[in-house]
Amino acid sequence: MMADEFPEPEVAVESIVPEELKSRIDAGEEVTLLDARMASDYEEWKIDGPNVESVNVPYFEFFEDEIADDVLEQIPDDREVTVLCAKGGASEYVASKLSQLDYDVNHLEEGMNGWARIYERKEVTGYDGPGTVYQYQRPSSGCLGYLLVSDDEAAIVDPLRAFTDRYFADAEELGVELTYAFDTHIHADHISGLRELDAEGVTGVIPAESVPRGVTYADELETAADGDEFEVGDAVVETVYTPGHTSGMTSYLLGDSLLTTGDGLFIESVARPDLEEGDDGAPEAARMLYDSLQTRVLTLPDDTLVGGAHFSDAAVTAEDGTYTATVGALVERMDALSMDEAEFVETILADMPPRPANYEAIIATNLGQQEADDEEAFTLELGPNNCAASQESLAGD
């Protein structure tokens with residue numbers, strides 16, 4: 001039997017949509033999950049949180065007419081349990097089997113694929129430049145994007161292909177025209193939406209320093225070199241070249257108030273330096289990152305906000321619910337930003353997590369060197385981002 005082929009459930013069970021589950025978790029409710037995927041998939045990527053209890057029992061354990069006692073002993077019977085899988089089929093089947101045994105269960109619609117479609121927009125209230133900045137958050141992978149709205153125009157930084165329609169819908173809701181789309185670098189964890197947006201009339205902008213890496217479509221877009229400026233309504237987007245994570249890594253200063261640092265600096269860590277040149281090139285890239293942070297980022301005023309392209313489970317949000325922090329706060333709580341070069345390089349090379357799943361195929365797709373349709377692109381980017389240098393927070397909070 002294939003993983004997506006299951007008998008019809010013998011009894012109907014209630015379902016819960018991913019957004020509702022996310023709301024319950026955010027509200028601090030105690031949530032119990034039974035993840036019916038294979039153990040390897042579960043260990044790589046799962047729904048987690050301080051108020052989430054998660055149990056992994058693969059779906060095939062429920063195929064027998066009599067479910068083994070040692071299987072049932074793993075599943076709490078004194079509270080509601082939400083069963084989930086990859087796409088929703090296995091979880092409905094497992095939940096039905098448990099319901100017949102009087103367990104209080106429901107199942108997650110569309111499974112982890114549905115979880116990956118959650119994309120939330122939150123206003124960055126600490127931004128004090130012209131207009132308004134919103135942060136997009138994708139909890140399944142920790143991807144972050146930024147929407148700058150000023151006067152009757154808007155620009156998106158680090159757009160995801162899977163949410164191209166969302167950006168246009170939000171622009172329409174806000175009564176503005178989406179005029180620019182910027183990528184900070186060649187991403188290794190998700191498929192960029194830059195070309196799709198450009199094809200729909202938005203001006204796509206790619207870092208000039210990313211082009212030599214093998215970008216095949218550079219002539220079709222605008223490029224951004226260090227110091228270049230782009231007007232979005234009354235606001236200015238300034239290009240700040242910050243190599244290290246990649247040779248083309250580029251930050252964008254929005255309205256002289258918020259620096260979107262891509263994968264250069266996060267609120268809980270700094271970038272990993274090994275995804276472009278591998279282990280052999282990582283030390284030199286780490287030294288490049290150190291110089292970028294010390295001379296381009298940390299020289300900004302202390303009250304400048306920093307917003308990276310990702311967050312991890314170790315990150316703590318600001319009061320407005322966004323993953324942002326000021327330069328001054330980051331220097332105060334992240335020792336790595338005050339180290340000398342040798343200690344910095346040693347620290348960030350010491351505890352790098354596994355490389356993102358499918359990262360080579362994702363990079364090739366973002367370079368334009370291979371093609372992927374929408375479904376293939378969505379599947380490629382499922383899972384955690386793993387773009388930070390450490391699996392734990394480097395910040396002292």
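Numbers for residues simply follow the sequence, beginning at 1. If you're wondering where the values come from, they're calculated on a predicted model, not measured in any experiment.
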Over 12 foreign heavy atoms within 6.0 Å of CG, Asp256: no
Leu221 and Val205, any side-chain heavy atoms less than 4.5 Å apart: no
Kindly say whether Gly204 contributes a backbone atom to a donor-acceptor pair with the side chain of Asp198 at under 3.5 angstrom? yes
Thr261 vs Ser251, test: side-chain hydrogen bond (donor to acceptor under 3.5 Å, both in side chains). Steps then yes/no. CA-CA 5 Å; Thr261 50; Ser251 301; 5.5 Å; no
Do Glu268 and Ser312 have a side chain donor and acceptor closer than 3.5 Å? yes
For Tyr136 and Phe163, what are the C-alpha separation, side-chain angles and deciding distance, and is it a ring pair (Phe, Tyr, Trp, His ring centres under 6.0 Å)? CA-CA 10 Å; Tyr136 285 106; Phe163 298 97; 8.4 Å; no
Contact between Val83 and Leu108 at the side-chain level, heavy atoms closer than 4.5 Å - yes or no? no
Hey, are the side chains of Glu381 and Ser141 touching, using non-hydrogen atoms and a 4.5 Å cut-off? no
Within a 6.0 Å radius of atom CD on Glu231, are there more than 12 heavy atoms belonging to other residues, nucleotides or ligands? no
Stepwise side-chain hydrogen bond (donor to acceptor under 3.5 Å, both in side chains) test for Glu80 and Asn106: CA-CA 8 Å; Glu80 181 183 65; Asn106 57 37; 3.3 Å; yes
Distance-only donor-acceptor check, side chains Ser15 and Glu109, under 3.5 Å: yes
Count the heavy atoms belonging to other residues, nucleotides or ligands that lie under 6.0 Å from CD of Glu346, then report whether that count exceeds 12. no
So does Asp320 pair up with Lys122, basic N to acidic O under 4.0 Å? no
Is it true that the side chains of Asp128 and Ser257 contain a donor and an acceptor less than 3.5 Å apart? yes
Donor-acceptor contact present, side-chain Ser99 to main-chain Ala95, <3.5 Å: no
Answer yes or no: are there more than 12 heavy-atom neighbours, outside Glu319 itself, under 6.0 Å from its atom CD? no
Can Asp158 and Thr184 be said to form a side-chain hydrogen bond (donor to acceptor under 3.5 Å, both in side chains), step by step? CA-CA 6 Å; Asp158 286 333; Thr184 54; 3.0 Å; yes
Taking the six-membered ring for Trp and the full ring for Phe, Tyr or His, determine whether the centres of Tyr93 and Phe63 are under 6.0 Å apart. yes
Ignoring hydrogens and angles, tell me if any N or O in the side chain of Glu238 forms a donor-acceptor pair with the backbone of Tyr252 under 3.5 Å. no
Got more than 12 heavy atoms from elsewhere within 6.0 Å of CD, Glu172? no
Would you please name every residue forming a salt bridge (charged side-chain N to carboxylate O under 4.0 Å, His left out) with Asp183, sequence neighbours left out? none
Taking every heavy atom of Ser150 against every heavy atom of Ala235, the minimum-distance pair comes out as OG-N, 3.3 Å
Verify whether the ring centers belonging to Tyr146 and Phe182 lie closer than 6.0 Å. no
Across all chains, not counting sequence neighbours, the salt bridge (charged side-chain N to carboxylate O under 4.0 Å, His left out) partners of Asp170 are Arg121, Arg166
Group every Ile, Leu, Val, Met, Phe, Trp and Tyr by side-chain heavy-atom contacts under 4.5 Å, then state whether Val331 and Ile348 land in the same group. yes
How are the rings of Tyr119 and Tyr167 set to each other: parallel, tilted or perpendicular (split at 30° and 60°)? perpendicular
More than 12 heavy atoms from other groups under 6.0 Å of CD on Gln294: yes
Quick one: does His245's side chain get under 4.5 Å of Leu275's, heavy atoms only? yes
Can you confirm whether the side chains of Thr326 and Asp303 place a donor and an acceptor under 3.5 Å from each other? no
Please say whether more than 12 non-hydrogen atoms of neighbouring residues, nucleotides or ligands are located less than 6.0 Å from CG in Asp69. no
When you measure from the centre of the six-membered ring of Tyr217, is the NZ or CZ of Arg195 closer than 6.0 Å and no more than 45° off the axis? yes
As a quick check of understanding, evaluate salt bridge (Lys or Arg N to Asp or Glu O under 4.0 Å) for Glu30 and Arg79, giving each step before the final call. CA-CA 10 Å; Glu30 296 297 324; Arg79 74 200 77 156; over 6 Å; no
List the steps, then state whether ring pair (Phe, Tyr, Trp, His ring centres under 6.0 Å) holds for Phe62 with Phe60. CA-CA 5 Å; Phe62 299 89; Phe60 59 76; 9.1 Å; no
Sub-4.5 Å side-chain heavy-atom contact between Ile25 and Asn51: yes
Salt-bridged, Arg287 to Glu284, with N to O below 4.0 Å? yes
Ignoring hydrogens and angles, tell me if any N or O in the side chain of Thr179 forms a donor-acceptor pair with the backbone of Ala154 under 3.5 Å. yes
Sequence neighbours excluded, the answer for salt bridge (charged side-chain N to carboxylate O under 4.0 Å, His left out) partners of Glu110 is Arg117
Given salt bridge (Lys or Arg N to Asp or Glu O under 4.0 Å), test Asp226 with Arg296 step by step and report yes or no. CA-CA 11 Å; Asp226 186 49; Arg296 308 308 308 277; 3.2 Å; yes
Report, as yes or no, whether the 6.0 Å neighbourhood of atom CD on Glu341 holds more than 12 heavy atoms from other residues, nucleotides or ligands. yes
Under 3.5 Å side-chain donor-acceptor pair for Ser54 and Tyr42: yes
Short question: side chain of Lys97, backbone of Glu64 - any donor-acceptor pair under 3.5 Å? yes
